Amino acid sequence: MDYTPHTEADIEAMLAAAGFTGIEDLFAPIPGSVRLGRDLALPHGMPEAEVLALMEGLARKNRPTGELVCFAGGGAYDHYVPSPVAHLAFRAEFATSYTPYQPELSQGVLGVLFEFQSMICELTGMGVANASLYDGASALVEAINLATGATGRSRIVLSGALNPNYAAVARTNGGARGFSFSTTAAGDGVTGDLGDLAGAACVVVAQPNFFGCLEDLAAIAEATHAAGALLVVVFDPTTAGVLEAPGALGADVVVGEGQGLGVGLLYGGPYLGYFATRPEHVRRVPGRIVGATVDVRGKGGFVLTLQAREQHIRREKATSNVCTNQTLLAIAATVYLSWLGPQGLVELGESCLAGAHQAADLLASVPGCRLAFAAPFFKEFALQVPGDAERVAAGLAERGYLVGPGLGVASAELASHLLVAVTERRTPEQIEGLAKALAEVVA
Amino acid sequence: MSGRARGPEPQTIFDVSAPGRRASSVAQPAGSPAEGLIPPGLRRASPPRLPEVSELDLVRHYTRLSQRNWAIDVGVYPLGSCTMKYNPKVHEDVAGLPGFRNIHPWQPADQVQGALQLLWEMEQYLAELTGMARVTFQPAAGAQGELTGLLIMRAHHTATEGHPRSVVLIPDSAHGTNPASVALGGYKVRQIPSDERGLVDLAALEAALDPSVAGLMLTNPNTLGLFETDIERIAAALHRSGGLLYFDGANFNAILGKVRPGDMGFDIVHMNTHKTFTTPHGGGGPGSGPVAVSARLAQYLPSPVVGYDEAANRWFWDTDRPQSIGRLHGFHGNFGVVVRAYTYLRSLGGEGLVRIAERAVLNANYLRALVREAYPEAHPGTCMHEFVCTAKPLRAKGVRAMDVAKRLIDLGFHPPTVYFPLVVEEAMMVEPTETESRESLDALAAALLQIAGEASSDPELLHEAPVTAPVGRLDEARAARRLHVRWEPGSPWLDE
C-alpha cells in the first residue's frame, strides 16, 4: 500500500496532459549512468493489519514502565500525562499542519505558541521565551551561543554536576566554533569552586542538577556576574511550583527539557527544549518567536516575529540554524500546564519532593547503602550501593523496578552510585516495595 | 475552516481563567513538606501565574484554536520543499503502543531490544535507499542533520590533512538552513551561482574549488525542482580537490528507488523523516533528521551507534567510537518519530517507495502543465516532485505572488511557498505530493487560473484577501516594532 489515489486512467490522462508518454519519461533528466537500475533491496510492503501486528511484536520486545515500576531519572521522568493532553495536542488540525508561515491559516498553532511562551516566562522568571527547540541539550547549545555572542568571549565554564550528555552535546557543538570548555568540581554533589572566571562567556549550572541536588544559584550568579559572564541555568520546569524561578536568582538565560510537561518517556525523544532569557537579549534568541499584532481590519492575531534573526531570512548570519522545532510537544506542554494550573504545579512539586525524601530515607537505611551527598535534593537523589551500580539496577529490574542511570555515566569514580527519581506517580507502597527489593539484591 | 467555531472569539487561555478553578488532580502528600526540605532562599513564594480553568474550559479552548488552523487533514497543502503529504493514521497507533511510548532512555539494552532492533533495521533500510554505509538517528531535524554532516566533514579533513579546511560551497538557490549550518559548523560560506538552466554553474564551481574548500552542500533535485544533471561531474570535481559532497535530503521524495545519493557520488546525506517518510509536521516539529555516510566516514558518526551481535542475536549501543564527533542529542534522537517512519517503510516496501516518487513527480508535472500559461515556470524542462513558477506576469496589474497566495486561502487552499527560492522573481514553489488526487490538482489549478483572471478584472479582490480566514492580513511590521510576545497579568492580551 502507498496511500496514493491514482487510478490507471488518472495516470494515463495526467501523463498525456503534461506531455509525457510514460512514467519513465518523467525521470529522463537523471543520467542513466547513476540510475539504480534494480529493485530496492527492501522488504515488500504489507497491509495495515500486518504492519500493526509486526510493530506490536517489536514493541513487546521492550520492557516499558507499567511492567517495571519507574524510578529512573537522569533527565527523563515518569510524570503522569493527563488524558486531555493527547486528545487536544494531537488533534489532526495541529499534528498535520506545518510551520505557521501563512499566519491567516495558522492562528491555532500561533495562539498556542504565544501561550507557551507566556507560561515558560512564568515558570522561569524571564521576560522572553521562544516557541521551543529540539531538546534540553540543544537548548543549552543555543544558550551558550547567545552568551558568546553577547559577551564577545568564547570560554565556557560547565558545572561538574551537569547532565554528562548535555555537557557532551555542548562540547560537540562548541568545538567547531573554537569555544573552550572547562568543568568545575562537583565532589559534594553540587557545583564546586568556579575558579578563575576571567574571560568566561558564561557559567552553566543545572537546577536541580544531574545528581538531583539543589544549587545555590544566587551565590553562583553573583560570582558569575562579577566576572562579566552570563549565568545559564538548565532548569527542570516541573519543579517551578516549589523552587524559586532562576530568573529571580540572577539567571541570564534559562533553558531546559520540557519532557516532564505532558510529553512522556518515548525512549528519549521527541522531547521539548525550551529557551528563555532577559528581554535585552531578544534579538539573539534562536528559532521562532510568536508575537501579537492586528490584522488589516484591526482584529487581533498572531504572527512569527523578529524573523530577521532566523536562517530563512538571515542565512549564515542567523542566530541559529534551527528551522524545525518541537511545536507539537510545545502544544502538549501548554495544554498540560493549563490542566495543572498554579495549585496543581505546587502539588506536583510537593508530591515529588515528599516521595523522593520518603524513598531516600528508606533506601539509605538498607544495609550497605547510603545517600551519596548531603546537599538538599528535589525529586531525585544519588544512592551509593555496595558494588557495581549497574548490577544492582539489573537485580532490581528482575524484581520489577527500574532505577538509574548508574552514575558511572558521569564519572568512573561514581560507578557504585545509582540515581533514583520519584515522581508524583509513585505511591508509598511502590517506594516500600523498591526498598524491600533493594535489600534483597544487596544482601 | 472559519465558521465552525461558534461563540466569542478565542483569545488566550489566560483570558478564560478564574481564580480557584482547576482541571488537575494530583495525589497529595500530607502537610507541606517543602518547609524543611528546601533552603528558604530557594523556595518560591507564590506559584507561577498559570491559567486556572476547568477541564471543559481547557477542551473547548484548544479545540477552538485547532479549528483556526489549516492542516493536511483539512485540505490541500502544496507548500514547496515541505512535502506535506498524508500522514497515515496507523502510525499514531503504533507510536502510542506502550512498548514504544513508555520506555526510558537510560534503560539498559537488554530491556529495549525491540527499540534497538527497529533502529538497526531502519539503518539498513536507509543505507539501502541512500547508497550509504551507516546512519545516525541523533539529529532531531534536518538542520541538526546538516550540522552533523558538517562536523563529520571537519573530522574527516582534520584526520586526513591535519586541519578542517575553511570554506563550504552552497548554491544560491539553497535553503537558509544550509548557510546557517555552515556558520555554526565553523566554516565560511562561498556561494555558487545557478546558470540559465537553473542548475549549478559548472564553470563557476570549478573556479571556486581550491584546497580551502571542505565540501559542497547540494539538494538534488534542487530547490527549483530540477535534477542536477551534471551531478557526476560535480562530484568528480569536488573529489578531485579533496572536498566532500553533502546531500540535503529535503527533496528526497522525488527520487526514491530511482537514483541513490551514494551512486551520484555524495558522501554525506541527511533525510527529513517528516518530509520523505511522512511523519507529521506537528505545526513545525518534531522532525527527525537521520544522517547517512559512506564507509570512509562511518567512524566519525555521533556516538553511540546501534550495534548488533549476530552470534547472540542481540542489539546494543556501541560506545567504542574513538573518532566520533561526539554527541548531538541529549539521548538517542527523536525515536518516536523514527517509529512512525519505520512503520511507513514497512507498509510501502521497496516497490511502494518507488511508486511514491513516480506519482509525486507525475503530480508536479501535471499541475505545472495546467497552470503554465498564467504562471510560467522559472526554467523549462521536466520538473521533479515540485516546480517553481512565477507570478511576474501579474505584476503589470499590480498583483504580486503574495496576493495570489492570500487569495488562494479564500478559494479553499493553502498557498504554495512564495518568494523562495530567492533567485526567482515573484517565485511560487509548488509541491503537490503524491497523495493528492487528480481531482484536487484540477481544483487547485482552476483556483490559480481564476486568480490570474481576477488580477485583470478585480485586482482589489486580491489585495483584500483573505476575507474568509479567521483573520485578515496581519501587520507583521507592528509585531516586530511593538514586541508583544507574552501574556502578562492585568494587561490585555494585545495592548492598544
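Labels below follow one simple rule: chain letters A, B, ... track the order of the sequence lines, proteins then strands, and each chain is numbered from 1. The structure presented is a predicted model; accordingly, all values stated were derived computationally and were not measured.
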- [ ] Under 4.5 Å, counting heavy-atom pairs only, tell me which of B:Pro51, B:Gly326, B:Ala45, B:Gly185 racks up the most with chain A.
- [x] B:Pro51

Open item on the list: I'd like to know if the side chain of A:Asn163 reaches the main chain of A:Asn165, judged simply by a donor and an acceptor atom lying under 3.5 Å from each other, with no hydrogens or angles considered.
Closed with: yes

- [ ] Against chain B, work out which of A:Gln343, A:Gln311, A:Met119 has the most heavy-atom pairs shorter than 4.5 Å and name it.
- [x] A:Gln311

Open item on the list: At a 4.5 Å cut-off on heavy atoms, which part of B:His414 comes close to chain A: side chain, backbone, both, or neither?
Closed with: both

- [ ] Check whether B:Asp73 gets within reach of chain A through its side chain, its backbone, both or neither, counting any heavy atom under 4.5 Å.
- [x] both

TODO: Identify the residue among A:Thr99, A:Thr305, A:Thr324 that makes a side chain to side chain donor-acceptor pair (under 3.5 Å) with A:Arg288.
DONE: A:Thr99

TODO: Let me know if B:Arg154 has heavy atoms under 4.5 Å from chain A in its side chain, its backbone, both or neither.
DONE: side chain

Open item on the list: With a 4.5 angstrom heavy-atom cut-off, is it the side chain or the backbone of A:Leu68 that approaches chain B, or both, or neither?
Closed with: side chain

Open item on the list: Heavy-atom pairs under 4.5 Å with chain B - which of A:Leu243, A:Asp10, A:Val109 has more of them than the others?
Closed with: A:Leu243

Task: B:Glu128 side chain to A:Ala41 backbone, donor-acceptor under 3.5 Å - done: yes

Task: Interchain contact, A:Glu257 with chain B, by part (heavy-atom threshold 4.5 Å) - done: neither

Task: Side chain / backbone / both / neither for A:Arg315 at chain B, heavy atoms under 4.5 Å - done: both

Task: Option that, when pairs with chain A are counted at under 4.5 Å, heavy atom only, ranks first among B:Phe335, B:Phe420, B:Trp106, B:Tyr77 - done: B:Trp106

Open item on the list: At a 4.5 Å cut-off on heavy atoms, which part of A:Pro43 comes close to chain B: side chain, backbone, both, or neither?
Closed with: both

TODO: Would you mind telling me which of B:Thr343, B:Ile231, B:Val182 has the largest number of heavy-atom pairs within less than 4.5 Å of chain A?
DONE: B:Thr343

Open item on the list: Between B:Lys406 and chain A, with a heavy-atom cut-off of 4.5 Å, which part of the residue counts as in contact: side chain, backbone, both or neither?
Closed with: side chain

Open item on the list: If I measure from the heavy atoms of chain A, does B:Gln113 come under 4.5 Å with its side chain, its backbone, both, or neither?
Closed with: both

- [ ] Answer with side chain, backbone, both or neither: which region of B:Tyr62 has an atom nearer than 4.5 Å to a non-hydrogen atom of chain A?
- [x] both

Open item on the list: Under 4.5 Å from any heavy atom of chain B, what part of A:Leu402 do you find: side chain, backbone, both or neither?
Closed with: side chain

Open item on the list: Is B:Leu97 in contact with chain A via its backbone, its side chain, both, or neither, using a 4.5 Å heavy-atom distance?
Closed with: side chain

Task: Set of ring pair (Phe, Tyr, Trp, His ring centres under 6.0 Å) partners for A:Phe90, sequence neighbours left out - done: none

Task: Closest-packed option against chain B by number of heavy-atom pairs under 4.5 Å, given A:Ala17, A:Ala72, A:Ala13, A:Cys70 - done: A:Ala72

- [ ] Please determine, among B:Leu118, B:Val112, B:Val94, the option with the most heavy-atom pairs under 4.5 Å with chain A.
- [x] B:Val112

Task: Aromatic centroids of A:Tyr134 and B:His329 separated by under 6.0 Å - done: no

TODO: Classify the ring geometry between B:Trp487 and B:Phe14 as parallel (under 30°), tilted (30 to 60°) or perpendicular (over 60°).
DONE: parallel

TODO: Sort A:Leu15 into side chain, backbone, both or neither according to what part of it lies under 4.5 angstrom from a heavy atom of chain B.
DONE: both

Task: Residue A:Val112 versus chain B: region with a heavy atom under 4.5 Å - done: both

TODO: Sort B:Glu434 into side chain, backbone, both or neither according to what part of it lies under 4.5 angstrom from a heavy atom of chain A.
DONE: both

Open item on the list: At a heavy-atom distance under 4.5 Å, which candidate from A:Val34, A:Asp135, A:Asn62 has the highest pair count against chain B?
Closed with: A:Asn62

Task: Toward chain B, the part of A:Ser132 with a non-hydrogen atom under 4.5 Å - done: neither

TODO: Select one option (side chain, backbone, both, neither) describing which atoms of A:Leu88 are under 4.5 Å from chain B's heavy atoms.
DONE: side chain

Task: Pairs of heavy atoms under 4.5 Å with chain B: top-ranked of A:Asp78, A:Val335, A:Thr427 - done: A:Val335

TODO: Name the member of B:Glu146, B:Gln117, B:Glu476 that forms the most heavy-atom pairs with chain A at distances under 4.5 Å.
DONE: B:Gln117

TODO: Determine yes or no for a side-chain-to-main-chain donor-acceptor pair under 3.5 angstrom, with A:Glu122 supplying the side chain and B:Arg49 the backbone.
DONE: yes

- [ ] Heavy-atom distances under 4.5 Å only: say whether B:Leu345 touches chain A with side chain, backbone, both or neither.
- [x] neither

Open item on the list: Let's test your reading of the structure: which of B:Gly336, B:Ser288, B:Pro108 forms the most heavy-atom pairs below 4.5 Å with chain A?
Closed with: B:Gly336

TODO: Verify salt bridge (Lys or Arg N to Asp or Glu O under 4.0 Å) between B:Arg43 and A:Glu350, making sure each step is shown before the conclusion.
DONE: CA-CA 11 Å; B:Arg43 182 89 209 261; A:Glu350 292 190 338; 3.2 Å; yes

- [ ] Below 4.5 Å from any heavy atom of chain B, which atoms of A:Val169 appear? Answer side chain, backbone, both or neither.
- [x] both

Task: A:Cys121 and B:Glu488, any side-chain heavy atoms less than 4.5 Å apart - done: no

TODO: Counting only heavy atoms closer than 4.5 Å, note whether B:Leu151 contacts chain A via side chain, backbone, both or neither.
DONE: side chain

Open item on the list: Less than 4.5 Å to any heavy atom of chain A: does that hold for the side chain of B:Leu348, its backbone, both, or neither?
Closed with: both

Open item on the list: Using heavy-atom distances under 4.5 Å, tell me whether B:Ala480 contacts chain A through its side chain, its backbone, both, or neither.
Closed with: both

- [ ] Sort A:Ala218 into side chain, backbone, both or neither according to what part of it lies under 4.5 angstrom from a heavy atom of chain B.
- [x] neither

- [ ] Verify whether the ring centers belonging to A:Tyr101 and A:His312 lie closer than 6.0 Å.
- [x] yes

Task: Interchain contact, A:Val296 with chain B, by part (heavy-atom threshold 4.5 Å) - done: both

TODO: Measure A:Leu123 against the heavy atoms of chain B and call it side chain, backbone, both or neither at under 4.5 Å.
DONE: both

Task: Non-neighbouring partners of B:Ala183 that pass side-chain contact (heavy atoms from CB on, under 4.5 Å), sequence neighbours left out - done: A:Glu316

Task: Proximity breakdown for A:Ser138 and chain B, heavy-atom pairs closer than 4.5 Å - done: side chain

Open item on the list: Taking side chain as everything from C-beta outward and backbone as N, CA, C, O, which of these in B:Glu232 sits under 4.5 Å from a heavy atom of chain A? Side chain, backbone, both or neither.
Closed with: side chain

Task: Heavy-atom pairs under 4.5 Å with chain B, option from A:Ala168, A:Ala137, A:Ser118 with the top count - done: A:Ser118

Open item on the list: Report which part of B:Leu353 has an atom under 4.5 Å of a heavy atom belonging to chain A: side chain, backbone, both, or neither.
Closed with: side chain

